[in-house]
Amino acid sequence: MSASVGRAVLRAAPWPTLLGGCVAAAALFGIAAALRHGALAFPLSLLGLGLCGATAAYVLDEASAEVEDATPTGRRARVAWRLPIALLPFAVGAAAVLMLDDPGGAAGWDRLVPVAAASVACGLGVASALRRSGRLAPGDLASAIAFGLVFLAVAFEPLDAWVSLAPLESPSYPLATALAWALVLLSCAAVLAACERDPGRPANRKETV
């Protein structure tokens with residue numbers, strides 16, 4: 001895939017939405033930082049992490065996908081050019097929780113970095129699955145689903161009997177928590193790889209780039 005085509009793919013990304021989401025997430029993290037010792041710090045930071053995932057859900061939006069899927073440029077090649085954009089919401093989330101971290105405090109905010117990564121992966125995975133189902137620009141729905149999944153999972157911890165998904169008060173980062181988020185990342189990566197094959201192309205056929 002030529003660099004000129006790659007640049008065209010990048011220009012076609014919904015940049016106003018992507019940058020707006022990153023700015024909104026950064027604003028939530030900024031308020032959380034100002035209130036880091038208050039009761040609202042965690043809910044606000046969790047909203048920011050969820051918004052990072054919701055923003056990442058727009059990375060794959062491609063209104064002209066139906067036409068482009070019929071061209072020699074493969075869908076996976078176009079997605080490969082788009083994926084680095086997802087580093088923006090991840091960078092916002094990771095930098096924010098590291099900024100919130102206070103070595104002298106009880107809460108280890110840096111333990112939320114895997115949540116930021118999983119949130120972005122969740123947004124990409126949900127968007128990819130919806131796009132495979134026929135939605136050319138699934139960002140709106142995918143962002144809502146990804147936001148809800150991340151927020152509910154961390155806020156209510158449905159797996160608390162086995163693993164804490166946000167162990168802020170524990171003296172160390174539990175291995176089970178790291179494995180849980182690693183499983184989320186691998187699952188989302190598998191969904192993305194499976195769903196971004198070109199329509200009608202066998203899984204074992206090499207793409208023309």
Side-chain angles (χ1 to χ4, degrees), residues 14-59 83-127 139-140 142-188:
W15 286 105
T17 301
L18 292 168
L19 295 177
C22 288
V23 170
L28 286 172
F29 286 125
I31 299 173
L35 305 173
R36 73 174 64 194
H37 299 299
L40 290 178
F42 178 67
L44 287 172
S45 63
L46 180 53
L47 287 172
L49 289 171
L51 189 53
C52 287
T55 301
Y58 286 95
V59 168
L83 283 182
I85 301 174
L87 293 175
L88 290 175
F90 170 68
V92 170
V97 294
L98 290 174
M99 177 187 67
L100 283 167
D101 196 42
D102 182 3
W109 291 97
D110 58 330
R111 297 169 194 156
L112 294 181
V113 171
V115 182
S119 178
V120 169
C122 184
L124 291 170
V126 173
D140 289 338
S143 65
I145 294 174
F147 180 88
L149 288 174
V150 172
F151 184 87
L152 293 175
V154 180
F156 296 100
E157 298 220 64
L159 303 178
D160 188 49
W162 300 280
V163 58
S164 173
L165 296 178
L168 293 179
E169 304 299 334
S170 61
S172 62
Y173 197 82
L175 178 61
T177 301
L179 291 175
W181 288 119
L183 181 60
V184 172
L185 284 168
L186 290 174
S187 299
C188 292

Measure from the side-chain N and O atoms of [X] to the backbone N and O of [Y], and report whether any donor-acceptor pair falls under 3.5 Å.
| X | Y | value |
| --- | --- | --- |
| W109 | M99 | no |
| D110 | L98 | no |
| S119 | V115 | no |
| S143 | A57 | no |

- Query: Less than 4.5 Å apart, any side-chain heavy atom of V113 and any of W181?
  - Reply: no

- Query: Is the shortest heavy-atom distance from the side chain of D101 to the side chain of V97 under 4.5 Å?
  - Reply: no

[atom2] on [Y] to [atom1] on [X], rounded to 0.5 Å:
| X | Y | atom1 | atom2 | value |
| --- | --- | --- | --- | --- |
| W162 | T177 | CH2 | OG1 | 14.0 Å |
| L88 | C22 | CG | SG | 5.0 Å |
| D140 | T17 | CG | OG1 | 7.5 Å |
| L186 | L179 | CG | CG | 10.0 Å |

So which heavy atom on [X] is nearest to which on [Y], and how close?
| X | Y | answer |
| --- | --- | --- |
| L112 | A166 | CD2-CB, 4.0 Å |
| A56 | L124 | O-CD2, 3.5 Å |
| L51 | A24 | CD2-CB, 3.5 Å |
| L100 | S45 | CD1-CB, 4.0 Å |
| L35 | A41 | O-CB, 3.2 Å |
| P14 | Y58 | CG-O, 3.3 Å |

- Note on the structure: Tested for side chain to side chain contact (heavy atoms under 4.5 Å, CB included) against L49, the lone hit among F147, F151, F29 is F29

